[in-house]
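Reviewing the structure listed below.
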Amino acid sequence: MATPTADVAVIGGSGFYEMEGLTEVEEVRLDTPFGPPSDALVIGTLAGRRVAFLPRHGTGHRLLPTEIPVRANVWALKALGVHHIISVSAVGSLREELAPTHFVVPDQIIDRTRGRAATFFGEGLVAHIPFADPFCPHLSQLLAEAGGAAGATVHRGGTYVVMEGPAFSTRAESHLYRSWGASLIGMTALPEAKLAREAEICYAQLAAVTDYDVWHESQEDVTADLILATLRANVETAKRIVRLAVAGLAPCGDACTNALATALVTPFHLVPEATKQRLRPIIARYLPEEQASGAAGAPPGGERG
C-alpha cells in the first residue's frame with residue numbers, strides 16, 4: 001500500500017491537539033532514521049488540500065519540549081511531500097502590547113536551548129544553511145492576513161526567544177530578554193525552524209500569547225494552568241486562522257525552498273552510503289543521477305573550504 005502524501009502540515013502545540021473539518025482522513029505511523037515522530041500523523045483534506053496534522057507533544061501532552069523528536073517529525077513530513085509547515089505554539093509575551101489572547105507571527109528568533117539535536121547533517125555530510133531570516137516571509141504574511149480575516153488580533157513581526165525549559169523563566173531572565181528587544185518567549189520553535197529550513201520546507205509560526213511571562217508587575221506570573229486556560233479560550237480562533245491560511249496557500253519562491261543549493265559542502269562521492277540513504281528525502285534533488293544506484297558522483301554545488 002502506497003504511503004499517503006500531503007501538501008502542508010500543521011504542528012500543534014499545547015492545547016491544539018486536533019483539527020475538526022478534515023475529510024478523507026487517514027492515520028499514518030512512519031518509522032524514520034531518527035526514531036518515531038511525536039505521534040501518528042493524521043492526514044485529511046482541508047480547504048481542498050491534503051494536510052498532515054501532528055501533535056507536537058504527543059496526544060495527551062506526553063513529551064517535554066526537550067523530548068520532542070523534532071528530527072523524526074520533520075523527516076516524516078518531508079517524506080510525505082510536505083512543502084509548508086504551519087507551527088502553532090503557546091508563548092509568553094515580553095511586550096505590553098502583545099496581550100494574552102493575541103496572536104503573533106514572529107520574524108526573528110534567539111536560541112537559548114541547550115543540547116537539542118538541531119541538524120540532520122553530520123556523519124560524513126556537512127551542510128551550512130542560510131538562516132538569517134528563520135521564518136518563511138511568504139507563509140508568515142499569509143498567516144497574518146488569515147488572522148485578520150478570522151477576526152483575531154494579530155501582530156506581524158517580533159523576536160521569539162526559545163528557552164530550554166521545562167521550568168519557566170526567572171524574573172531576571174525575563175527582564176534580560178526584554179532588554180534585548182525580544183517580543184516572545186517559548187520552548188518549541190527550535191530546532192523546528194532550523195530543521196524545516198534544512199529540509200527546504202517553508203515554515204512559519206502562529207504564536208498564541210497566553211501570559212506575560214514573569215516580568216509584568218501587575219499581571220499574574222505564568223503557570224501551566226494559566227497557559228492552558230488562555231489557550232482553551234482561543235483555540236477555535238487559532239483553528240479558523242489555520243483553515244484560512246491553508247485555503248490561501250500558493251507556491252513559494254522564497255529562499256527557504258532552495259536552502260541547500262549553496263549549503264552542501266561535502267562532495268557526494270565522499271559521503272558514506274548510509275548517510276545518503278538516511279537523508280535521501282532531504283537531499284534527493286541534489287544527488288547526481290548515478291547516486292540513485294549507489295555509484296560515486298560529482299560534488300554538490302556550493303562547496304567552499
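Quick caveat, the model's predicted, so the values are computed rather than measured.
Side-chain contact between L80 and I43 is present, with heavy atoms from C-beta onward closer than 4.5 Å. The side-chain heavy atoms of T159 and I109, taken from C-beta on, include no pair separated by under 4.5 Å. With contacts defined as side-chain heavy-atom distances shorter than 4.5 Å, the pair L184/V209 qualifies. Counting heavy atoms from C-beta outward, I86 and I11 have side chains that stay 4.5 Å or more apart. Residues F135 and Q205 have side chains in contact (heavy-atom distance under 4.5 Å, counting atoms from C-beta outward). With contacts defined as side-chain heavy-atom distances shorter than 4.5 Å, the pair I241/L206 qualifies. For the pair T170 and V214, the minimum side-chain heavy-atom distance is 4.5 Å or more. Within the 4.5 Å cutoff, no side-chain heavy atoms of I68 are placed close to those of T66.
Sorted pairs that involve residues 260-271 and meet salt bridge (charged side-chain N to carboxylate O under 4.0 Å, His left out), not counting sequence neighbours, are lacking altogether. Residues in residues 257-269 take part in no salt bridge (charged side-chain N to carboxylate O under 4.0 Å, His left out) pair, two or more places apart or across chains. Sorted by first then second residue, the side chain to side chain donor-acceptor pair (under 3.5 Å) pairs that include residues 177-188, not counting sequence neighbours, are R112-Y177. Every pair passing salt bridge (charged side-chain N to carboxylate O under 4.0 Å, His left out) that includes a residue from residues 145-169 is listed here, sequence neighbours excluded: R116-E164. For residues 228-266, no residue pair satisfies the ring pair (Phe, Tyr, Trp, His ring centres under 6.0 Å) rule, not counting sequence neighbours. Residue pairs meeting the ring pair (Phe, Tyr, Trp, His ring centres under 6.0 Å) criterion with at least one member in residues 243-264: none, sequence neighbours excluded. Applying the salt bridge (charged side-chain N to carboxylate O under 4.0 Å, His left out) test to every pair with at least one member in residues 119-128, sequence neighbours left out, gives these pairs: E123-R278.
We find the CZ-CG distance between R243 and L22 to be 8.5 Å, quoted to the nearest 0.5 Å. D7 contributes atom CG, which lies 11.5 Å from atom CG of L46 (distance to the nearest 0.5 angstrom). In this structure, CG in L264 is found 9.5 Å from CD in E198, a value given to the nearest 0.5 Å. Interatomic distance, CG of L260 versus CZ of R197, reported as 10.5 Å (0.5 Å rounding). Residue R29 holds its CZ atom at 12.0 Å from CG of D31, rounded to the nearest 0.5 Å. Atom CZ of residue F53 and atom CG of residue L41 lie 10.0 Å apart, to the nearest 0.5 angstrom.
Residue V28 comes nearest to P4 through the heavy atom pair CG2-CG, 3.6 Å, listed as atom of the first residue, atom of the second, then distance. Considering every non-hydrogen atom in both L142 and L249, the closest pair reads CD2-CD2, 3.6 Å. Annotation for L98 and S93: closest pair O-OG, 2.6 Å, computed over non-hydrogen atoms. When every heavy atom of L63 is checked against every heavy atom of P69, the shortest pair comes out as CD1-CD, 3.8 Å. Across all non-hydrogen atoms, the minimal contact from G124 to T266 is O-CG2, 3.4 Å. Summarising the geometry of I185 relative to S169, their closest heavy-atom pair is CD1-OG, 3.2 Å, with the distance given to 0.1 Å.
The main-chain N or O of P55 is never found under 3.5 Å from a side-chain atom of D39 such that the two would form a donor-acceptor pair. The backbone N or O of A199 lies less than 3.5 Å from a partner atom in the side chain of K78, making a donor-acceptor pair. Although no hydrogens or angles enter the test, the distance criterion places a donor-acceptor pair under 3.5 Å between the side chain of T32 and the main chain of G35.
Listed by chain and residue number, nothing satisfies the ring pair (Phe, Tyr, Trp, His ring centres under 6.0 Å) test with F103 (two or more places apart in sequence, or in another chain). Every residue was checked against the ring pair (Phe, Tyr, Trp, His ring centres under 6.0 Å) condition with H83, not counting sequence neighbours, and none meets it. Contacts of R285 classified as salt bridge (Lys or Arg N to Asp or Glu O under 4.0 Å), with partners at least two apart in sequence or in another chain: E200. Scored by the ring pair (Phe, Tyr, Trp, His ring centres under 6.0 Å) test, H138 finds no partners at all (sequence neighbours excluded).
Side-chain N/O atoms of E67 and H57 include no donor and acceptor closer than 3.5 Å. Neither side chain, N234 nor T101, offers a donor N or O lying under 3.5 Å from an acceptor on the other. In the model, R240 has a side-chain atom that pairs as donor or acceptor with a side-chain atom of T237 under 3.5 Å.
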Could you please spell out the steps behind the side chain to side chain contact (heavy atoms under 4.5 Å, CB included) verdict for V91 and T210?
CA-CA 6 Å; V91 297; T210 58; over 6 Å; no

Please walk me through it: do L139 and I85 pass side chain to side chain contact (heavy atoms under 4.5 Å, CB included)?
CA-CA 9 Å; L139 184 56; I85 293 175; 5.9 Å; no

Is there a side chain to side chain contact (heavy atoms under 4.5 Å, CB included) between D107 and D133 once you walk through the steps?
CA-CA 7 Å; D107 58 4; D133 298 300; over 6 Å; no

Is there a side chain to side chain contact (heavy atoms under 4.5 Å, CB included) between F121 and I283? Walk through the geometry before answering.
CA-CA 10 Å; F121 294 96; I283 64 172; 4.0 Å; yes

Expected list for residues 189-196: side-chain donor-acceptor pairs under 3.5 angstrom, two or more places apart:
{"residue": "E192", "atom": "OE1", "partner": "R56", "partner atom": "NH2", "Å": "3.1"}
{"residue": "E192", "atom": "OE1", "partner": "S87", "partner atom": "OG", "Å": "3.3"}
{"residue": "E192", "atom": "OE1", "partner": "Y203", "partner atom": "OH", "Å": "2.5"}
{"residue": "E192", "atom": "OE2", "partner": "R56", "partner atom": "NE", "Å": "2.7"}
{"residue": "E192", "atom": "OE2", "partner": "R56", "partner atom": "NH2", "Å": "3.3"}
{"residue": "K194", "atom": "NZ", "partner": "D111", "partner atom": "OD2", "Å": "3.4"}

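In this structure, F120 has its ring center under 6.0 Å from that of F34.
Both V25 and V246 sit in one connected hydrophobic cluster of ILVMFWY residues. Membership requires side-chain heavy atoms under 4.5 Å apart, directly or through other members. Under the 4.5 Å side-chain heavy-atom criterion for ILVMFWY residues, a single connected hydrophobic cluster contains both F168 and L176. Residues V8 and L244 are members of separate hydrophobic clusters, defined by side-chain heavy-atom contacts under 4.5 angstrom among Ile, Leu, Val, Met, Phe, Trp and Tyr.
The side chain to side chain contact (heavy atoms under 4.5 Å, CB included) test with C202 is passed by exactly one of C136, S140, P251: C136.
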